Amino acid sequence: MADETGGAPERRMPLFRRQAIEGAPGTLRLEELAFAAKFILRLDPQAGGEAFGAATGLDLPPAPLMSVVNGERAVLWLGPDEFLVLAPEGEAAGLADAVASGLKDVHHQFTEVSDYYTCIAVEGPKARKALMKLTTLDLHPRAFSVGTVAGSNFAQAQGWLWLEHEAEGAARFRLYVRWSMAEYLWGTLAEAGREWGLPEQEPVTGEPMLTESVTSRKA
Amino acid sequence: MGKQPYRAPKGGLVQRNRVIRFTFDGRSYPGHPGDTLASALLAHGHHMVARSFKYHRPRGILAAGSEDPAGLVTIGADAKRRDPNTRVAEQELYDGLVASSQNCWPSLLTDFGAINDAFARFMPAGFYYKTFKGPPGTWTGLFEPIIRAAAGMGRAPEPGDPDRYEAINRHCDVLVVGGGPAGLMAALAAGRSGARVILVEETARLGGSALARDPDRLAFDGTQPAQWVADIEKELATMPEVTVLPRTCAFGYYANNFVGLWEKVSDHLPEDKRLGHLPRQRLWRVRAREVVLATGALERPLVFHENDRPGVMLAGAVRTFLHRYGVMAGRRPAIFTNNDSGWVAAFDLARAGAEIAAIIDVRREMSPQHLAEAARLGIPIHASSTVVATAGYRRIRQVEVRPLHEDGTVGQGGSKIACDVLAVSGGWAPNVALFSQSRGKLAWDGELAAFRPGLSWQRERSAGAANGTFALADALAEGARAGVEAAAAAGFASGDVTVPEVEGAEPGQGRIKVMAELPSHLPAHRRRAWIDLQDDVTAKDLRLAVQEGYSAVEHAKRYTTTGMGTDQGKVVNLNAFAFLAAERGEDPVKVGTTTFRQPYKPVTFAALAGQHMGPHFLPRRTTPMHAWHRRHGAVFEPVGEWLRPRAYPREEEDFFAAVQREARTARSACGVLDASTLGKIDVKGPNAREFLNRVYTNAWMKLAPGMCRYGLMLGEDGMVMDDGVTACLADDHFHMTTTTGGAARVLAKLEDYLQTEWPELKVYLTSVTEQWAVASICGPKSPELVGEILDDFDPDPEKFPFMAWREATMAGIPVRVFRISFTGETSYEINIPATYGRWMWRTILEKGQKHGIAPYGTEAMHLLRAEKGFIIVGQDTDGTVTPHDLRMSWIVKKSGDFIGKRSLFRSDTARTDRRQLVGILTEDPELVLEEGSHIVARRNEPAPPVPMLGHVTSSYYSPNVGRSIALALVESGGTRIGDRLFATRGGLPTVPVRVTETDFLSLKENRQLPQAPREALNG
Amino acid sequence: MFVITCPYCGERDLSEFAYGGEAHIARPEWREDMSDAEWAEFLFMRTNPKGILAERWMHAAGCRRFFNMLRNTATDDILAVYRIGETPPKVEARLPATPSGEAPIGSGNDAVKIIQPGEGA
Amino acid sequence: MHGYNVLRLVREGLTGHKGWQPAWRKAEPKSSYDAVIIGGGGHGMATAYYLAKIHGMTNIAVIEKGWIGGGNAGRNTTIIRSNYLYDASAAIYNHALTLWKGLSRELNYNIMMSHRGVLNLAHDEGEARQLKRRVEANRLNGVEAEWLEAKEVKAFCPPISVAADARYPVIGATLQRDGGTNRHDAVVWGYARAASEMGVDIIEQCEVTGIATEKGAVTGIETTKGHIATPKIASVTAGHTSVIANMVGVRLPIESHPLQALVSEPLKPVMPCVVMSNAVHVYMSQSSKGELVIGAGIDPYLSYTQRGSLDIIEHQMAALIELFPFVSRLRMMRQWGGIVDVCPDASPIISATEVKGFYVNGGWGTGGWKATPGSGHAMADLLANDRPNAIAAPFTLERFVTGDLVAEHGAAAVAH
Ligand SMILES: Cc1cc2nc3c(=O)[nH]c(=O)nc-3n(C[C@H](O)[C@H](O)[C@H](O)COP(=O)(O)OP(=O)(O)OC[C@H]3O[C@@H](n4cnc5c(N)ncnc54)[C@H](O)[C@@H]3O)c2cc1C
Ligand SMILES: NC(=O)c1ccc[n+]([C@@H]2O[C@H](COP(=O)([O-])OP(=O)(O)OC[C@H]3O[C@@H](n4cnc5c(N)ncnc54)[C@H](O)[C@@H]3O)[C@@H](O)[C@H]2O)c1
Ligand SMILES: Cc1cc2nc3c(=O)[nH]c(=O)nc-3n(C[C@H](O)[C@H](O)[C@H](O)COP(=O)(O)O)c2cc1C
Ligand SMILES: [Zn+2]
């Protein structure tokens, strides 16, 4: 029995301590986009793309490195049989049920990763340049246009980068990264933005460690 | 010291109207913005700035750029910002710059190390190989410290570098290296095509050699060089796809057109002006479709007796100092040359007001125009002559010139000519370092007597002087063409560029007469003709190398150390190769070159590390409960990329006491562990069971939904690689767990098998490690607690048996609860979506308070599992341990294949006398063995080698068993249960131990354990 | 650092990939009578050619697919990429002229340093 | 042998150094030899030297495709130690260490054997456990080794950072005091000089292009300088071991990887010893000339190009700065690569093969320099007597079939 004194469940994203930060006007902004429904879909698009569409109303991206947006839902290509399905918070259960029943007869896997990943929005005219300090992807507009998705390393963290939107030279990227790497990546991105005036971020560091080996002191 | 006695009355690109100050060896001097430290020192007549490596000879400034081998100083007032071995010719002057000489004691002028020079004849190349060979230990104990103290150059800085660094990635269509005339044209041409272009120039401004020309005697389409450059720069600035990077050196040309650039962002700024938001230096990691190398040419010195004095400078450098920096290297220069370029330097100097002491040319025939001009300027000419000696200590003051005969001997007579600088030119050589780094093959050009780019390997082309095209008009045209072609090759139709008309072009170096070492009246062994000025390698040393058989170019380099200094022989190597060729009587192509390696010039370590330092060095992966752990005094340990709490010592409690308390609480009341870091993989598909069957050693066909099973995973070599519990979620759906450190490896391996070995299996894998925050609650009070925190949940261990799992909710939040245990205690692992992890953890601790709950860390976890005899992969195994060795044969199925199965049948792996995992109890229950202790058969260790039976893998004081316990891998361990063996203790007397089974808790229950006295528990 | 063309994602930097070793070494099916030597051949023995090597890579930071690649280990030229299960394409390579492919004036890469007489420029 | 000593140096100094002779004869191949050693690196030279000196076989040749010492011998970071885990390894590496100690004198060539001590750092408990196990095994095997706590590490090597909040704090280290470094080129030249003096032909710029066999036994080699008959061939070719073995169809468990190293600009003494760290993947020492000599792990892919990728160096620099903060402003002066022959168990192969008369010494991977004298000693014995001696026996090819590996991954460390 849940105890009255326990307090209501609170949900926290990995970067909940971090406020959105901004550099000089018209340069760069970072923000954690909290709480969205996220799923990894493993599916052979040939075999199950239609069924998936019927169940969710979502098309699979027609080609590698592409995304499909449908209202507030989106599907991002991660691999030939792997997709990231995004939806607003609260739609997770419904989506899961729809997929489970709609793809009953198709070999697939639909795994909730809403909490596995968080999303850092990297936006502004300097977004491409800031990200280029972290990744070897070619983010030039000629090579990375709106809608493109790519998995890569961002500094030492693997992540998925999606160029969601761009207007008047200001790009809005979403960078999906696993929970445990979020603080590291936030700090690295903020450091990359120092050039444009992003405030210095107190790094998560300094965990006390034992500096002697335990095994010898046990004896 | 207000005056700058050697500042030319006019000219130069320095801001003459602004004076900034710097100090050298404690004395303050004025200079101007736009100066390098070299030009500022020369403006004061300071030639001697350094000491050489071996003989501590006075060293001046030979070249005007980063190729200078000689003028090295230490920069920085603050020991934390000290930059040793900085080239004065490369360092830009800033207000407040502090420079000091190095490799000398007590001072630059009075250097005790110079005694070496007196003994130089006993210290030829490789002398140290022939002596200092006392009995073992004498090198380390006696000679080495002396040699080492004498060697080296500058002193390293103190830790605490206050500067920031960063790395940037860039892709471009055309990378142009070198901002001289050729590079500028290439960048312009490529830029106009709309291609993405990066133009890098190592020095502070674009223009290259055009800035080393008399601006009144050179014009591009009628404009002066600096203006022409500025115009181009302006146009480039209007092109959105063009990036111009001054102060940026292309230092490394790697595979697939990956080029490393090193930008000095703020090294030229006064320390208080270094902008906090910008890094000190940047590494640009450029991936270029096409590269244009327009790195110019480098002038080489001449090799003659006593050619190493301060004041002996390259003629081109003298010109650069004059026109670019407005500094007269000397008032009475002598010129010594083997080609025409020395002459034009003389003319420039003469026109600027110097009194030319002489032009000494080794050639017989010279350009009539030059002769006429010399006559007009009243310059004395010594044709077919050579310098045979020089004089001067801090600075050259005289050269001795003798006639040079056709047969290569020198005549008698000759003259001593007073001078205050000797400008030498041995001819120009294309700067092919980057080309060669790219794997391009060099071609020998007999006319230039130098190598030039031959066969390209990568998508690159050379242009201008770098390509051996020395005539300015040709260099411009070639640069433009290279830009157009490179853009076209990258898919961009050319913009059109018209090559400017050049007025005042120079004829170039003319016919060059190369002599590896200039003749002298002195016998060879008395001559001291320097080849490598930094490392003190003379022609004599190279000759000795050949004489002793170290004649291969690579042997000669290593034997004499020629070209191994900080300049990597940029301007001196060619002389070394030519000398070897002459000595060996072979063609230069046969002799070859040493390898051009990265970097083109030394690059700071920190720039290479970029921003990956300090807090950004490596990720610290943390769980949703991390902040709680920190607030509650956890001590952490790195586990792979993760940081995990090791224990939570309370005030007045040391680490060991904390671990004992935590472990005791976990068995007597209730403990909770943050197990979120365990790897978790969602496995789904019709063939999921078959897949598990193949990847684990045990059978999975019958595991029912709602139940879990432990599995061991092997490598194909049969050795234990990972373990973990897998839960059956549905008939075709499993939740697999792996070790924290093994998660990534296991997933990659499983994908490998699915994608490449067993594509027929319909199974999908998705990592869910961080989807779930996991609290592992154990202890007698755990059922009660779990019942309280979960909604309508019956935790009764009877009804919710061991190795089952259930879905449940916690305050309405769906969770998965696993009845699995790594401690042997009643346990519940609650998995909750990670965003609730923090809340769950706090709730558990809050609600657990009345049950006496304590969080426990990894150390107590290790201890608890050891009490039960459970293994930790990586601690009790080391990549050489099979399941049978762990005496876990029960987990190896008999039928069917699985990863690693065949290896278990190899003759060695199938042995029954392998090391096997057993329990070890010291006869003294208070004594805790060290992990890593060895097990031996006899009490007394014989002389080494001592036969070893095994080693202790895990060892603890167990508060719950009430004594020390240990696990060990022991030869034939399984057959030794009950035996008495001995454990070593690092040289202390061995201690007797008993071999036991591994489950110490059961042993205790069955009263098979000697107990420790009570008070030990409080220790 | 190579640029590797992932058959799914296109050109990417080497740092995104994990190396998978020599390709086309099929795991033998379990057989009671398989000899230790036969198993050792699968486990350990490698051709390790100086020349064209068929090797496996995984696009670890990207699509996580394994694929095969032909590379000339004497030069690091990447010659082809192809998917798992496909047969290696025919390729041309700048192969070493002798087993080591290295000119006598040096070792290692020295062979590529200078155009020797008789060698076309 | 023309002695090398101070007196002679002085005498030659006074007379213009005209008396020095070539250190080794530039031999041209004879038509046949009793044995041929392929590979003029450290191990090949040592093999030749001990064959001549101990086994009296002087009608032998070392065939080197380039210049002697131009392979890994000329590009390694010269870390010498013998603190390996298993008895078999301890035996060979310690044997080598013993030989190193007297080698300058024995060869009459100063190889600058500097016993400055080697620290292997532990950054977490797992590493500490492994290292302590190794120290104890070393002690029992008569190998000099000790465990230092972090404070003692700092005292022994003051420039190191032992900050408690480092990403990978130093929690201790093993120290082998008689480990250290030496002058790699001098070793090759010293062996060459001594071997040549005893009649061994050292044939440079001669590449072995084929191996002739008859009825499963070798009869000679094909080279760029012609055919040479011989009944015994030792391949001691490090990175090229597979290339040679492929000539006779001998399959080996070896893969050739790039391994890089780099040096800083020369500095006055700052590093008192050798420091190696597995977890952060870097190691450093300072040479007699003053450069910091720095290495890291192998590039992950196979390659014979003797060059690697920049990102290895970037990671290595970040790690180095973490460990030695004072180096951040120093500069990399030169980087290079070698080709290392890696075995699955990180232990070497010293073995006869199924082809009679064809012997292999290889698979030393990233750490064979330290074994050079021991390896040559054992290899010479194998060649002379056609059976492995006690030291070589555990390192035959047989172990890959039986599974009796000498798994030294832990002890082989980052790169050695
Ligand atoms: C960067 C780097 C750092 C290292 N650091 C260390 C260290 O600190 N400590 C340590 O113990 N070990 C270290 N090693 C490993 C060590 O260098 C090698 O294990 C060891 O030197 C190999 O033996 P060798 O000297 O005989 O090899 P090599 O010197 O490579 O000798 C092999 C010779 O065979 C020749 N050859 C090849 N093919 C043919 C042919 N067909 N015909 C004729 N000749 C041929 C080659 O030209 C070469 O000269 C390092 C290696 C590298 C690359
Ligand atoms: N007197 C002679 O015989 C002689 C000889 C050689 C060159 N030249 C002159 O050289 C000119 C040719 O112009 P050019 O453009 O080919 O050469 P340049 O020397 O004018 O320009 C080369 C530029 O490349 C830069 N550079 C070199 N290496 C670099 C690197 N790694 N990274 C970044 N920048 C680097 C240099 O700082 C320099 O500015 C002509 O004017 C010609 O007269 C004359
Ligand atoms: C221990 C050691 C120290 C070295 N020190 C220097 C040095 O001081 N200067 C230098 O230029 N190269 C130095 N090198 C590198 C060599 O110049 C060379 O790069 C290396 O032997 C590989 O040869 P390669 O570059 O010709 O392929 C050193 C190499 C080693 C192994
Ligand atoms: Zn991909």
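We name chains A, B, ... by the order of the sequence lines, and we start the count at 1 in each one. Nothing here was measured: the structure is a model prediction, and the numbers come from that model.
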>> Please classify the contact between B:T953 and chain D as side chain, backbone, both or neither, with a heavy-atom cut-off of under 4.5 Å.
In response: backbone
> Relative to chain B, which of D:L262, D:D311, D:D185, D:V135 shows the most heavy atom pairs under 4.5 Å?
Replying inline: D:D185
>> Looking at D:R139 and D:E136, is any side-chain nitrogen of the basic one under 4.0 Å from a carboxylate oxygen of the acidic one?
In response: yes
>> Counting neighbours of NZ on B:K80 that are heavy atoms of other residues, nucleotides or ligands and sit closer than 6.0 Å, is the number greater than 12?
In response: no
> Residues in ring pair (Phe, Tyr, Trp, His ring centres under 6.0 Å) with B:Y559, at least two apart?
Replying inline: B:Y129, B:Y550, D:W189
>> Distance to the ring centre below 6.0 angstrom and angle to the axis at most 45 degrees; does that hold for B:R620 and B:F636?
In response: no
> Is it the backbone or the side chain of D:N141 that comes under 4.5 Å from a heavy atom of chain B, or both, or neither?
Replying inline: both
>> Please classify the contact between B:H951 and chain D as side chain, backbone, both or neither, with a heavy-atom cut-off of under 4.5 Å.
In response: side chain
> Parallel, tilted or perpendicular for D:F326 and D:F324, by the 30°/60° rule?
Replying inline: perpendicular
>> So that I can tick it off, tell me whether B:E554 and B:R558 are bridged by a salt bridge, with the cut-off set at under 4.0 angstrom between side-chain N and carboxylate O.
In response: yes
> chain D heavy atoms under 4.5 Å from B:L283: which part of the residue, side chain, backbone, both or neither?
Replying inline: side chain
> Are D:Y4 and D:Y109 an aromatic pair by the rule of ring centers under 6.0 Å?
Replying inline: yes
>> Quick check on B:R543 against chain D: is it the side chain, the backbone, both or neither that has a heavy atom closer than 4.5 Å?
In response: neither
>> For D:R183, which atoms come within 4.5 Å of any heavy atom of chain B: side chain, backbone, both, or neither?
In response: side chain
> Is it the backbone or the side chain of B:Q568 that comes under 4.5 Å from a heavy atom of chain D, or both, or neither?
Replying inline: side chain
> Using a cut-off of under 4.5 Å for heavy-atom pairs, which of D:R334, D:M317, D:H17, D:E314 has the most such pairs with chain B?
Replying inline: D:R334
> If you count heavy-atom pairs under 4.5 Å between each of D:R133, D:R329, D:K268 and chain B, which one has the most?
Replying inline: D:R329
> Are B:K540 and B:R526 close enough that some pair of their side-chain heavy atoms sits under 4.5 Å apart?
Replying inline: no
> If you count heavy-atom pairs under 4.5 Å with chain B, which of D:E12, D:K101, D:H123, D:K289 comes out on top?
Replying inline: D:K289
>> Using heavy-atom distances under 4.5 Å, tell me whether D:A164 contacts chain B through its side chain, its backbone, both, or neither.
In response: neither
> For D:V401, is it the side chain, the backbone, both, or neither that has a heavy atom closer than 4.5 Å to a heavy atom of chain B?
Replying inline: backbone
> Got a sec, which residues hit ring pair (Phe, Tyr, Trp, His ring centres under 6.0 Å) with B:F143, two or more places apart in sequence or on another chain?
Replying inline: B:F132
> Which answer fits D:I171, side chain, backbone, both or neither, if we ask what part of it has an atom under 4.5 Å from a heavy atom of chain B?
Replying inline: neither
> Which bit of B:D535 is near chain D, if near means a heavy-atom gap under 4.5 Å: side chain, backbone, both or neither?
Replying inline: side chain
> If you count heavy-atom pairs under 4.5 Å with chain B, which of D:G403, D:A279, D:P325, D:S104 comes out on top?
Replying inline: D:G403
> With only heavy atoms counted, which part of B:A255 is less than 4.5 Å from chain D, the side chain, the backbone, both or neither?
Replying inline: neither
>> Report which part of D:S309 has an atom under 4.5 Å of a heavy atom belonging to chain B: side chain, backbone, both, or neither.
In response: neither
> Checking heavy atoms, do the side chain of B:Y254, its backbone, both or neither come under 4.5 Å from chain D?
Replying inline: side chain
> Side chain, backbone, both or neither: which part of D:A166 has an atom under 4.5 Å from a heavy atom of chain B?
Replying inline: backbone
>> Under 4.5 Å from any heavy atom of chain D, what part of B:T880 do you find: side chain, backbone, both or neither?
In response: side chain
> Based on non-hydrogen pairs under 4.5 Å, which of B:M948, B:R914, B:E637, B:R985 is most in contact with chain D?
Replying inline: B:M948
>> Under 4.5 Å from any heavy atom of chain B, what part of D:E265 do you find: side chain, backbone, both or neither?
In response: both
>> Is D:T181 in contact with chain B via its backbone, its side chain, both, or neither, using a 4.5 Å heavy-atom distance?
In response: side chain
> Given a strict heavy-atom distance threshold of 4.5 Å, which part of D:D87 is in contact with chain B: side chain, backbone, both, or neither?
Replying inline: side chain
>> Given heavy-atom pairs under 4.5 angstrom as the criterion, report whether the side chain, backbone, both or neither of B:T138 touches chain D.
In response: neither
> Do other residues, nucleotides or ligands put more than 12 heavy atoms under 6.0 Å from B:R155 CZ?
Replying inline: no
>> What part of D:L103 gets within 4.5 angstrom of chain B, counting heavy atoms only: side chain, backbone, both, or neither?
In response: neither
>> If I measure from the heavy atoms of chain B, does D:L131 come under 4.5 Å with its side chain, its backbone, both, or neither?
In response: neither
>> For B:Y165, which atoms come within 4.5 Å of any heavy atom of chain D: side chain, backbone, both, or neither?
In response: side chain
>> A side-chain contact here means heavy atoms from C-beta on lying under 4.5 Å apart; do D:L85 and D:E408 qualify?
In response: yes
> For chain B, which of D:D345, D:D165, D:L9, D:D124 has the most heavy-atom pairs under 4.5 Å?
Replying inline: D:L9
> At a heavy-atom separation under 4.5 Å, does B:A150 approach chain D through its side chain, its backbone, both, or neither?
Replying inline: backbone
> D:M113 versus chain B, heavy atoms under 4.5 Å apart: side chain, backbone, both or neither?
Replying inline: backbone
